[in-house]
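Structure, as structure tokens:
Because the structure is predicted, anything quoted here is derived from the model rather than measured. FYI, the numbering just counts along the sequence from 1.
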Amino acid sequence: MGRRDLYDEMVRPRLGEITEWIGVTDERTIAKKLGISARSFSKYKTEHEELRKALQKGRLALVEDLKISLKKKAKGF
């Protein structure tokens, strides 16, 4: 018998945090914070659409924040 899948226990409850983390850390570090291997995290990304969407949402938020910061800097703030 193989190891049990930890997605429901370790990842799903923290999707909101993952969305926030994606802007400040890489996926390997996120996996470590979740207590799973980078390999498992990669596997879960391919198997779970909600995780892919959380990561995408985090990346989009980061891009928007960067755009706002660049506009402010360009205007001299």
Side-chain angles (χ1 to χ4, degrees):
M1 189 165 129
R3 296 179 68 187
R4 65 188 176 102
D5 187 342
L6 295 175
Y7 181 82
D8 290 326
E9 182 181 330
M10 306 292 282
V11 179
R12 181 173 281 139
R14 300 183 80 186
L15 288 173
E17 291 175 88
I18 292 168
T19 299
E20 295 173 13
W21 292 337
I22 196 66
V24 273
T25 189
D26 64 8
E27 292 183 5
R28 184 174 297 147
T29 305
I30 291 172
K32 189 174 183 177
K33 285 182 176 190
L34 294 171
I36 60 174
S37 70
R39 189 174 186 176
S40 292
F41 188 77
S42 181
K43 177 184 140 196
Y44 295 153
K45 283 192 317 183
T46 62
E47 293 177 350
H48 299 278
E49 184 177 355
E50 65 186 350
L51 176 56
R52 287 191 306 272
K53 286 184 178 184
L55 293 169
Q56 182 181 27
K57 182 178 177 183
R59 287 185 192 104
L60 290 173
L62 175 62
V63 168
E64 287 304 312
D65 289 346
L66 291 172
K67 284 181 183 178
I68 291 168
S69 294
L70 286 172
K71 284 180 184 177
K72 284 182 180 179
K73 187 167 184 120
K75 291 181 180 181
F77 289 104

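Residues satisfying the side-chain hydrogen bond (donor to acceptor under 3.5 Å, both in side chains) criterion with Thr29, sequence neighbours excluded, are Thr25, Asp26. In terms of the side-chain contact (heavy atoms from CB on, under 4.5 Å) criterion, Ser42 has no residue partners (sequence neighbours excluded). Residues passing the salt bridge (charged side-chain N to carboxylate O under 4.0 Å, His left out) test with Lys53, sequence neighbours excluded: Glu49. Under the salt bridge (charged side-chain N to carboxylate O under 4.0 Å, His left out) criterion, Glu9 pairs with Arg4, sequence neighbours left out.
The minimum heavy-atom distance between Arg28 and Ala38, with the atom names listed, is CG-CB, 4.2 Å. Considering every non-hydrogen atom in both Ser37 and Ala31, the closest pair reads O-CB, 3.8 Å. Listed here is the closest heavy atom pair of Arg12 and His48: NH2-ND1, 4.4 Å.
Taking the six-membered ring where the residue is Trp, Tyr7 and Tyr44 present perpendicular rings, their angle passing 60° and hence far from 30°.
The distance from atom CD of Glu50 to atom CZ of Arg52, rounded to the nearest 0.5 Å, is 10.0 Å.
Each ring-ring contact (aromatic ring centres under 6.0 Å, His included) pair with one or both residues in residues 12-31, not counting sequence neighbours, would appear here, but there are none.
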Listed pairs under 3.5 Å, donor-acceptor, residues 54-72 side chains, sequence neighbours left out:
| residue | atom | partner | partner atom | Å |
| --- | --- | --- | --- | --- |
| Arg59 | NH2 | Glu27 | OE2 | 2.5 |
| Ser69 | OG | Asp65 | O | 3.1 |

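With contacts defined as side-chain heavy-atom distances shorter than 4.5 Å, the pair Leu51/Leu15 qualifies. Side-chain contact between Ile18 and Leu34 is present, with heavy atoms from C-beta onward closer than 4.5 Å.
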